[in-house]
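Reminder, nothing fancy here: chain letters follow the sequence lines and each chain counts from 1. Please read these numbers as outputs of a predicted model, since none were measured by experiment.
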Amino acid sequence: MRPATILRLALLGLLLALVLRPHAFVWMFKPFAPERGSAIYDRTSLLSLAMNHLVLVAVASLAATVIAVALAIFVTRPAGEAFRPLSRTITNIGQSFPPVAVLALAVPALGFGARPTLVALFLYGLLPIFENALTALSTLPPRTMEAARGMGLNRWQRLIQVELPLAAPVILAGVRVSVMIALGTATIGSTVAARTLGEPIIAGLLTNNTAFVLQGGLIVGLFAVLIYDAFVQIENRLLDRRRPAPRKAA
Amino acid sequence: MIEIDQITKTYGEINAVDAVSMLIETGTITVVVGTSGSGKTTLLRMINRLVEPTSGGVRINGEPTDAIAPYLLRRRIGYAIQGHGLFPHQTVARNIAAVPRLLDWPADRINARVDELLTLFGMDPDEFRDRFPQELSGGQQQRVGVARALASRPDLLLMDEPFGALDPIIRARAQDDLREIQRKLGSTIVLVTHDMDEAIRLGDRVGVMDGGKLVQYGPPEEIVERPANGFVANMVGDAERPMRLLSLIPVRDLTEEGAAEGSTVPETASLRDALSACLWTGRDAVPVERDGAPIGRVTLAAIRHRVGQHP
């Protein structure tokens with residue numbers, strides 16, 4: 001087994017243990033807990049918080065991916081060319097808006113809970129995916145595109161069979177960045193009563209219980225590391241055979 | 001037969017292609033040669049409507065090309081370009097099968113065609129079928145590019161500087177291979193190049209373009225011997241003219257009765273080869289053979305006489 005695989009399995013094991021058997025870690029968090037406070041967050045099951053957290057991130061990222069890629073496709077067609085600057089402005093605004101402000105603004109309209117969090121994560125996730133998709137779709141190898149057109153692929157076929165597959169690794173890198181941002185940002189959702197792994201962190205901050213903060217932070221961090229790694233694996237697999245192989249001497 | 005009729009493309013004030021007419025016989029190679037900016041590529045791209053003509057038209061076997069949708073037209077016309085333009089995310093087999101797939105050929109017919117083409121281009125199907133373009137050498141990539149363009153047995157094959165990215169030795173081999181494959185399949189090819197050598201080597205007919213106009217169109221011998229104007233003469237190159245002409249004439253044409261000493265040349269070789277043999281070995285004549293049997297000789301004097309008719 002390669003060292004990287006061992007490390008991956010070890011981190012996965014640690015994560016599962018933290019989520020499923022939190023009380024086994026009392027020894028680790030005890031030094032950080034206040035004297036008469038609990039060392040382990042047990043007001044809610046960490047497993048259900050983790051699941052909720054991941055579902056929120058997945059739904060928001062999926063929606064952001066669909067919208068951002070669709071937008072990038074649209075503005076790289078001749079018909080949508082004129083909208084390119086505007087679309088960049090909009091996605092940039094989405095990014096520069098602080099997520100807390102988005103939450104504050106969304107709560108009156110959408111109420112407390114998961115919905116304002118989803119909106120914030122979605123808006124926050126658009127930009128990296130859009131920028132990557134835009135770059136990938138506008139820097140495709142010109143000769144390949146010329147050949148595709150010259151051999152009689154129509155627009156739709158060129159998009160599906162050539163442009164998107166060629167752009168996929170770069171788009172995926174954008175999705176990875178976006179998912180990472182969402183994993184972290186989702187914790188803030190707990191301030192508006194979304195059930196995420198931010199709950200132990202917020203509770204810890206309110207009660208001066210560093211153990212809770214560490215517990216929540218560690219779990220989110222491990223998720224981030226493992227998901228990031230999975231994305232990189234997929235990207236590499238997509239690119240693997242496209243890289244020029246070392247030539248054998250003729 | 002391909003009929004190009006008074007075709008013109010205007011960009012702003014400039015005629016990139018200016019009222020060009022050409023007749024291209026089925027089963028021949030026509031090479032359009034010109035400097036960059038001469039309009040040769042625009043002319044080629046108007047045949048498959050990658051560029052829409054400003055006026056004039058093209059008929060393929062009597063059928064006007066503007067009668068069907070451009071992408072349907074292009075599926076009937078092979079297209080091979082410099083640097084091949086292969087799909088980097090698809091295997092060699094999938095690349096070659098691109099147009100047959102668009103035409104909904106059944107899978108077994110596609111597979112058989114892919115193997116047939118790979119064999120034709122001297123690439124073992126079992127070895128190359130599942131490779132990716134980046135895993136091939138430049139010459140192999142170029143061959144796959146041409147194989148892809150030929151896959152659906154198109155009425156016509158357009159080639160835009162197909163050998164431009166190859167080094168001279170591989171290029172010469174690729175040209176010979178193309179010639180041989182074209183003869184075997186009887187394909188009709190229109191090829192665009194800036195290289196007069198390539199034009200003379202490959203073309204049944206050569207068209208020379210300058211400033212959007214077709215300044216001369218004829219068999220390569222005519223281009224070399226009777227250039228229509230200074231531009232064509234310049235393209236052919238004064239110093240190289242005798243050798244280019246000799247390379248077009250088979251030894252057979254000047255073979256006479258008689259014997260000569262030393263190594264023989266086959267009757268299908270060019271006079272250029274015969275001259276070269278004479279000069280290198282210091283002989284005044286070389287014996288000519290057909291299928292290994294001597295049939296006569298070709299003399300230095302005869303070669304000189306054949307070339308020296310241009311006062």
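The number of heavy atoms from other shown groups lying within 6.0 Å of CZ (Arg84(A)) is above 12. Taking a 6.0 Å sphere around CG of Leu103(B), one finds it holds more than 12 heavy atoms contributed by other residues, nucleotides or ligands. At most 12 heavy atoms of other shown residues, nucleotides or ligands fall within 6.0 angstrom of atom CZ in Arg115(A). The neighbour count for Ile6(A) CD1, taken as heavy atoms of other residues, nucleotides or ligands under 6.0 Å away, is above 12.
Residue Leu50(B) touches chain A through both its backbone and its side chain, counting heavy-atom pairs closer than 4.5 Å. Residue contact with chain A, scored on non-hydrogen atoms closer than 4.5 Å, involves the side chain of Arg148(B) exclusively. For a residue to count as touching a neighbouring chain, one of its non-hydrogen atoms must lie under 4.5 Å from one of that chain's; by this rule Arg49(B) does not touch chain A. Of the two parts of Gln90(B), only the side chain, counted from C-beta on, holds a non-hydrogen atom closer than 4.5 Å to a non-hydrogen atom of chain A.
Sorted by first and then second residue, the pairs that involve residues 159-186 of chain A and meet side chain to side chain donor-acceptor pair (under 3.5 Å), not counting sequence neighbours, are Arg77(A)-Glu163(A), Arg176(A)-Tyr228(A), Arg176(A)-Glu235(A).
Checked against ring pair (Phe, Tyr, Trp, His ring centres under 6.0 Å), Phe74(A) has the following partners two or more places apart in sequence or in another chain: Phe83(A). For Ala69(B), the side chain to side chain contact (heavy atoms under 4.5 Å, CB included) partners are Tyr71(B), Leu72(B), not counting sequence neighbours.
The one candidate from Leu239(A), Leu238(A), Leu166(A) that meets the side-chain contact (heavy atoms from CB on, under 4.5 Å) condition with His89(B) is Leu166(A).
Within residues 134-159 of chain A, the residues approaching chain B closer than 4.5 Å by heavy atoms are, in numerical order, Arg143(A), Thr144(A), Glu146(A), Ala147(A), Ala148(A), Arg149(A), Gly150(A), Met151(A), Gly152(A), Leu153(A), Asn154(A), Gln157(A).
For chain A, the option among Leu102(B), Leu73(B), Asp160(B), Val99(B) with the highest count of heavy-atom pairs below 4.5 Å is Leu102(B).
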